[in-house]
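This report refers to the structure that appears directly beneath it.
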Amino acid sequence: MNFLQKITAMEIQPDDRISESDRSYCERRQKAYEAAISSFKELSFFWSDMESVQRELLGEKEYRKYLTSREGPSVSQDLIERHIKALHHSFISDLVRHFNSTYHVSVDLAEVAGALLPKEPEEHWRAGYKEQCAAYHEQMQSLTVRYQDVVEQVILRLDGLTFTERAFQELYDKCHSAAWNTHKREPKFERRKDTISFIGYFCWFKGWPYDGWELDKGMQDILWGAAHFETGSYGVLPYGFSRLFAHHEMKEPTVEFPACEKVKQMKLFKNNRVDLKFYSPEYAEQFVGKYLGTVG
């Protein structure tokens, strides 16, 4: 195999950083996105031709008379071109959302779109603003985003980690942030044998007319860690966990987890403390070490 053949072989290798199902999703979206661009460009051509015919027959002032109606579609050259422009962002958004939801990471859509799309001129008072706008418009109308470039930008934002590693890093960061006072470098929890007490503002009791309990966002983050500790999954919640993230009050201060093997019980107190009880001191110690950590 000569050098050119080696380079060609390297270029056609699929990206092994994403799964086959990811690649299939991206390829289907790419084809649909490109087909939409092509169709709307054809529509733009036909619409322009329709307007030209009407101008010739009715003149500049009345050419829209038969092209618009109360019951008909709202179509114009400007709307078509704005839609083509919006397709690029929509395509990038679909792909970023797919990877975020599939792998439970939080890659910033705005960062990815900003890296791939031309920057729209903003400073209208500067000299050459109209020329910049015209160039920007031309770029957006002729642009086709490649899914490979979107994937590249997503992976760049994993900071050298795999999707699985990044998902756990984000989960750990949320648990750690909730459990530590980083300014004072002090924990907001204590472990006594099989129980971790979260001391501070982790829950509150709402009196009449609610007469129920609510969890602080930080405690909910810690419970996502507990769910992952129990199942090893980012999307599957143990029985009894889902209601802890719902936007309504809990009527009882004690929540049992009979279907779990590691996390046994949660108890809420009116001084805003929350106790998370495990089935053994070893499990409680493992949870502290893996999800709460030490102050850095």
Side-chain angles (χ1 to χ4, degrees), residues 10-30 33 88-120 143-189 196 198 216-237 241 245 285-296:
M10 291 173 61
E11 288 177 346
I12 64 174
Q13 290 299 315
D15 192 337
D16 60 5
R17 295 173 297 179
I18 61 175
S19 70
E20 190 58 40
S21 61
D22 292 333
R23 189 175 299 107
S24 176
Y25 176 91
C26 291
E27 289 174 349
R28 291 197 310 274
R29 292 283 167 165
Q30 182 84 52
Y33 157 69
H88 309 312
H89 192 279
S90 180
F91 174 61
I92 295 170
S93 176
D94 283 348
L95 267 57
V96 173
R97 190 183 304 113
H98 166 78
F99 286 105
N100 280 344
S101 63
T102 300
Y103 296 102
H104 304 277
V105 296
S106 54
V107 172
D108 192 308
L109 168 61
E111 289 185 4
V112 175
L116 296 174
L117 299 180
K119 183 174 174 58
E120 185 172 6
L143 178 67
T144 302
V145 178
R146 298 169 63 250
Y147 87 80
Q148 294 91 337
D149 294 329
V150 180
V151 170
E152 184 68 30
Q153 290 298 323
V154 168
I155 290 175
L156 279 174
R157 282 157 181 78
L158 300 181
D159 298 326
L161 303 175
T162 65
F163 282 107
T164 301
E165 292 168 342
R166 178 57 182 257
F168 181 78
Q169 183 64 55
E170 291 187 10
L171 178 62
Y172 171 83
D173 288 345
K174 289 179 180 178
C175 292
H176 180 270
S177 178
W180 283 85
N181 184 326
T182 53
H183 296 292
K184 295 183 178 180
R185 302 177 67 82
E186 294 176 351
K188 293 190 285 185
F189 65 91
I196 304 173
F198 294 94
D216 179 68
K217 175 62 167 60
M219 191 64 218
Q220 289 183 332
D221 288 339
I222 290 168
L223 286 171
W224 276 109
H228 182 268
F229 182 56
E230 182 69 39
T231 66
S233 169
Y234 297 95
V236 178
L237 292 173
F241 268 70
F245 306 110
E285 183 179 14
Q286 289 172 21
F287 185 77
V288 169
K290 185 173 181 179
Y291 295 87
L292 308 183
T294 58
V295 68

query: Looking only at heavy atoms, which two atoms of L143 and H88 are closest? And how far apart?
result: O-CE1, 3.1 Å
- prompt: Do Y25 and D94 come close enough that some side-chain heavy atom pair is under 4.5 Å?
  reply: yes
message: Run the side-chain hydrogen bond (donor to acceptor under 3.5 Å, both in side chains) test on T162 and T164 for me, step by step, so that the C-alpha distance in whole Å, both residues' side-chain angles and the decisive distance to 0.1 Å come before the verdict.
response: CA-CA 5 Å; T162 65; T164 301; 4.7 Å; no
- request: Indicate, with yes or no, if the rings of W180 and F189 have centres closer together than 6.0 Å.
  value: yes
- request: Check whether any side-chain heavy atom of Q30 lies under 4.5 Å from a side-chain heavy atom of T144, and answer yes or no.
  value: yes
statement: Scanning both residues in full, the closest heavy-atom pair of R157 with A115 reads NH2-CB, 4.1 Å
query: Looking at Y234, F168, F99, F163, which one forms a ring-ring contact (aromatic ring centres under 6.0 Å, His included) with H104?
result: Y234
query: How many angstroms lie between CD in E27 and CD in Q148, if you round to the nearest 0.5 Å?
result: 8.0 Å
- prompt: About how many Å separate CZ of R146 and SG of C26, when rounded to the nearest 0.5 Å?
  reply: 12.0 Å
message: Show the nearest heavy-atom pair for residues A179 and L292, with the distance to one decimal.
response: CB-CD2, 3.8 Å
- prompt: What residues form a side chain to side chain donor-acceptor pair (under 3.5 Å) with E230, not counting sequence neighbours?
  reply: none
- line: All heavy atoms of S19 vs all of S21, minimum pair found to be OG-OG, 3.0 Å
message: Could you tell me if R97 and S101 have a donor-acceptor pair between their side chains, going purely by distance under 3.5 Å?
response: no
query: When you measure from the side chain of S93 to the backbone N and O of H89, does any donor-acceptor pair fall under 3.5 Å?
result: no
- line: Shortest non-hydrogen pair, L223 vs F241, comes out as O-CE2, 3.5 Å
field: Heavy-atom pair of closest approach, residues C175 and G225
entry: SG-CA, 3.8 Å
task: Report yes if the side chains of V112 and V107 come closer than 4.5 Å at any heavy-atom pair, otherwise no.
output: yes
message: With a 4.5 Å cut-off on side-chain heavy atoms, are F229 and L171 touching?
response: no
- prompt: Got a donor-acceptor contact below 3.5 angstrom from the N181 side chain to the E186 backbone?
  reply: no
field: Pairwise distance OG(S24) to CZ(R29) - rounded to 0.5 angstrom
entry: 11.0 Å
query: Measuring from E285:CD to K290:NZ, what's the distance to the nearest 0.5 Å?
result: 14.5 Å
- prompt: Should the heavy atoms of other residues, nucleotides or ligands under 6.0 Å from NZ of K174 be counted, would the total exceed 12?
  reply: no
Approximate separation, where rounding is to 0.5 Å, of K188 NZ and I222 CD1: 8.0 Å
query: Does a side-chain heavy-atom distance below 4.5 Å link V154 with I18?
result: no
Polar side-chain atom of Y33 near backbone of Y147 as donor-acceptor pair, under 3.5 Å: no
message: When you compare the side chain of N100 with that of L109, does any pair of heavy atoms fall below 4.5 Å?
response: no
message: Under a 3.5 Å distance rule, please check whether H176 uses its side chain to pair with a backbone N or O of Y291 as donor and acceptor.
response: no
- request: Check whether any side-chain heavy atom of D22 lies under 4.5 Å from a side-chain heavy atom of Y103, and answer yes or no.
  value: yes
query: Can D149 and Q153 be counted as having a side-chain donor-acceptor contact under 3.5 angstrom?
result: no
- prompt: Does E170 have any side chain to side chain donor-acceptor pair (under 3.5 Å) partners at least two apart in sequence or in another chain, and if so, which?
  reply: S106, R166
